[in-house]
Amino acid sequence: MAVAVLVDLIHGCCPERSGGSLLEESDPHVFLLCGKLHRNKSGFLSRNAQVLDSDSTAECLYRFKRTLDRLDLSSVRVLTTARGREVLLRYQELLFTAVYTFDYQLRPEQSLTCPGSGGSAHPVSPADGVREEVSGFLQQLPAVEGEVTVLRSTLIPDCFGHGFSTRTGGVSYIPTLSSMNLFSSSRRRDPVAVVMENRRRLGLHVGFHPRPLRLVKVNHASDVWVLGKAEPESYDSMVTNQTGIVLAAPGADCMPILFADPVQKVIGAAHAGWKGTVMGVAMATVDAMVTGFGCRVSDIVVAVGPSVGVCCFTLERQQVADFTSIHPHCVPDPESDKPHVDIRLANRVLLQKGGVLPENIHDNTVLDRPSVTLCTSCHPENFFSYVRDGLNFGTQVGFLWIKEPEPEPGPPAGPQEGC
C-alpha cells in the first residue's frame, strides 16, 4: 500500500540531522510541512518533495488532504516531534476522518533546529487555537459549486423556520460529497470541520445561525426522543416545544420528515428509511407530540422531503410483504425478482390511518404546491443518493425550528422635529 510521508518542519523535525534515517529513497510521496523559509532547501527538494508553505498550518494540511484524495492515498507517516504530534493531532481530528491512518514517528529534542534555519516561517498556533484557525480558513473558501439552495413547504406556517437542503453551495470537494454535505462519517473522506462549515453556510442562508443543527442519531427504527427527557443512545425522531432549537433529520434516499403543530407550537423531525417506515416512525412522532404536548392529530402538518422514489427503489422479494400489507400500491410489481417499493406512499397511508388529515401531508402526490419531495436518485445535480452513488454518498437534511416570538411593539414615538 502506498504511503504518504509528511515531514513536520513547522514543529522542529529536521531530516538533515537524522543521517538520512527518516526518509527512504523509495518514498514516492513526500510532503514538507513548512514555512516559506524552508522552500529553497535543496537537500529536500532533490527528493521531489512537495512543499506545503501556505500562510497557516490549516491551509497547508488542507492542501495536503486534497492531494491525498486526488492520489487516492489514505496512509500517512508523519515525521515530527512530541510537541508537533500534540498539535497535529488536533488538526487531524478536524481535517481528516478515520479513513486516513496516521503513523507518528517522533524525533528526539536535539533535532529540533535545521542548520541555517531560523525556525518556522509562520507562528505555531496554540493547541487551543487550532479550531478557530481551521474554521477561519474554511470560511474564506469559495463554494465548490452553485449557491446554497433550500426547498420549503408552503404547508408549514411562518411561525416555524424550516427547509430541506440540497447539495449546492458548500465546500465539500469529493465528487460524491460535493458540495453541501451535512454529515461527517468515519467511513468517508469529508471531515468534521468541512461539514461544520457547510452547516454554518446553511444556517446563515436560512436564518438559524449561530444555533447548531441537532441531528437525530439514526438507528433505522422508530424510537422518538422528547427533548427534555433523558436522551436515548440512538433514535430516528425528535419532538420539542422549545423555541430556537433546530431539529434536523438526515436523508440520502431515506425520507427527512418534518412535523409541525401551529396551535400548540410543537415540532418534530424524523428520519424514515424503509425499515423505519415499516416500524412506524412517522406515527410514533405524531404520537409523541400528542402524548407529550397535548397536540391534536388534526392540527399537525407533515412535510416529506427529498427521498428516493418508487422509480428507483427496490428490495428483495422477501422484504416487500410488509409494504404490500400497508397498501398493495406500495409495491407495484410484486412478482419481480426485485420489486419496486414506494416508501413515500407507505408513510402517507400510515399517517392517514393514524388520523393525520390527507390535506395536511405535503409529499410527491400533492400537485398544487411547489414540490419538496423530489426523487434523490433521479436528480444528481440537486441531491445526494445512496442508491445512485453507493457507499461514498453525501447527506442532505430536513430542518425545523420554532421561531422566537416577535417583541411587542412599544408605544408610538412622538412627533419628531422636521417630520
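Computed over heavy atoms, backbone and side chain alike; hydrogens, waters and symmetry mates excluded. The first residue of the sequence shown is numbered 1, and numbering continues consecutively from there.
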Side-chain donor-acceptor pair present, [X], [Y], cut-off under 3.5 Å:
X: D190; Y: S172; value: yes
X: R317; Y: S336; value: no
X: D253; Y: S385; value: yes
X: D223; Y: S234; value: no
X: N347; Y: T277; value: yes
X: R369; Y: T154; value: yes
X: H362; Y: S153; value: yes
X: N364; Y: T373; value: no
X: Y173; Y: K65; value: yes
X: Y100; Y: Q92; value: no

Tell me, do [X] and [Y] make a side-chain contact under 4.5 Å, heavy atoms counted?
X: H329; Y: L345; value: yes
X: V286; Y: L351; value: yes
X: V192; Y: L94; value: yes
X: D236; Y: S222; value: no
X: F160; Y: P262; value: yes

Should S178 and R167 be marked as a side chain to side chain donor-acceptor pair (under 3.5 Å) after you check the CA-CA gap, both sets of side-chain angles, and the distance that decides it? CA-CA 7 Å; S178 176; R167 68 180 301 169; 5.3 Å; no

Drop me the distance from [X]'s [atom1] to [Y]'s [atom2], to the nearest 0.5 angstrom.
X: D53; Y: R63; atom1: CG; atom2: CZ; value: 6.0 Å
X: L204; Y: Q139; atom1: CG; atom2: CD; value: 8.5 Å
X: T314; Y: E316; atom1: OG1; atom2: CD; value: 7.5 Å
X: T57; Y: L88; atom1: OG1; atom2: CG; value: 7.5 Å
X: R83; Y: I10; atom1: CZ; atom2: CD1; value: 10.0 Å
X: R66; Y: L61; atom1: CZ; atom2: CG; value: 14.5 Å

Mutual orientation of the aromatic rings belonging to W225 and Y235 [parallel < 30°, tilted 30-60°, perpendicular > 60°]: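 Geometry flag for Y235 against W225: tilted rings.
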
Taking the six-membered ring for Trp, are F102 and Y104 parallel (under 30°), tilted (30 to 60°) or perpendicular (over 60°)?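 F102 vs Y104 ring planes: parallel.
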
For the residue pair F64 and F31, is the inter-centroid distance of their aromatic rings smaller than 6.0 Å?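 Yes, ring centres under 6.0 Å apart.
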
Would you say that more than 12 heavy atoms from the other residues, nucleotides or ligands in this model lie under 6.0 Å from the [atom1] of [X], or not?
X: E233; atom1: CD; value: no
X: K275; atom1: NZ; value: no
X: R211; atom1: CZ; value: yes
X: E231; atom1: CD; value: yes

Going by the rule side chain to side chain donor-acceptor pair (under 3.5 Å), which residues pair with R200 if we only count those two or more places apart in sequence or in a different chain?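 E197.
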
Shortest non-hydrogen contact from C254 to S307?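 Heavy atoms only, the tightest pair is O-CB, 4.0 Å.
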
Cation-aromatic face contact R344/F313, 6.0 Å, 45 degrees: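 No cation-pi geometry.
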
Within 45° cone and under 6.0 Å: R152 NZ/CZ vs F164 ring: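 So R152 doesn't make the cation-pi contact.
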
Working for side-chain contact (heavy atoms from CB on, under 4.5 Å), residues V226 and T240: CA-CA 6 Å; V226 179; T240 188; over 6 Å; no

Using a strict cut-off of less than 4.0 Å between a Lys/Arg side-chain nitrogen and an Asp/Glu carboxylate oxygen, indicate whether R77 and D103 qualify as a salt bridge.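 Salt bridge flag = no for D103 with R77.
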
